[in-house]
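Data first, discussion second: the structure below is written as structure tokens.
Order of appearance sets the numbers: ligands from 1, and atoms from 1 within every ligand.
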Amino acid sequence: MMRLTILGSGTNIHPTRAASGYLVRTDHTLLLDFGPRTLANLMKTGMNRHRITHILFSHYHADHFSDFITYFFDAMIFTKYQGGTRPPLTVIGPRGTKRFFRTLFSTLPGFMHAPFAVHFKEVSDRAFVIGNTKVIPRTVTHTQNLHCLGYRIEYGGKALAYSGDSQYCDSLVRLCGDVDLAVLDCSFPASRPSPVHLHAGQCGQVAREAGIGRLVLSHFYPITERYNVREQAGESFGGHILVGKDLMTIKL
Ligand SMILES: [Zn+2]
Ligand SMILES: [Zn+2]
């Protein structure tokens, strides 16, 4: 069985939601993105944060990344001064990941000297495995000149897709093809579209074209709370639609 827990369904600054972050439990414990306030929600799940072995980033806009710094600093203190141990940590992300972390780690005090193994892996459009979990990254279109990934995760005969931040694009439809559950960037309502994100109507369109099982709408900007995004997505998608909420857990 695979379990998805939404750690954050909002964006950078949002009054009631943390930014992007998802906990995925298969034979491994993975995180998809690690945006602001998602670490606090991770603590609320009651799971041991030191058991996370893989963090997969879609891109490095701060709303998908910034709690990683706090998390890593804590992991260093835990292993250096509190007698803790933890498994190696593998950080996976789009093109530029190695350069990004080299710069960050050489600038932040102590980060180069963590007492546990840290690996960085740049991925593009090629599948790989983590134990019995299959991960398929796919390049999606978000902002210009930025390599952004969506991820498809397959385990125990089930598949889930996460769009990361994405516009409507064929690549996203292919990423989501026939998945049991897709978590899509629903930044805006159909009446207030943005050039770099999906809107609720397009989330429904992607869900229909990809033939998915259940659709989870997420990554809401504050303005989007004023609109009925479920209804807007439902205009093109007849399947089950969930409006994402922080700490919601979905089994598949
Ligand atoms: Zn972004
Ligand atoms: Zn974002």
Pairs flagged by ring-ring contact (aromatic ring centres under 6.0 Å, His included) wherever residues 77-97 is involved - sequence neighbours left out: His50-Phe78

Counting heavy atoms not belonging to Gln144, are there more than 12 under 6.0 Å from its CD? no

Please indicate how many protein N/O/S atoms are found closer than 2.8 Å to the Zn ion (ligand 2), with waters neither displayed nor included. 4

Hey, any chance Val216 and Leu172 share a hydrophobic cluster, counting ILVMFWY side chains that come within less than 4.5 Å of each other, even indirectly? no

Cluster check Ile55, Leu149: I/L/V/M/F/W/Y, side chain < 4.5 angstrom: no

Are Phe68 and Met43 joined in one hydrophobic group, where the rule is that I, L, V, M, F, W and Y side chains link up if heavy atoms are under 4.5 Å apart? no

Does Asp246 pair with Arg37 as a salt bridge, N-O distance under 4.0 Å? no

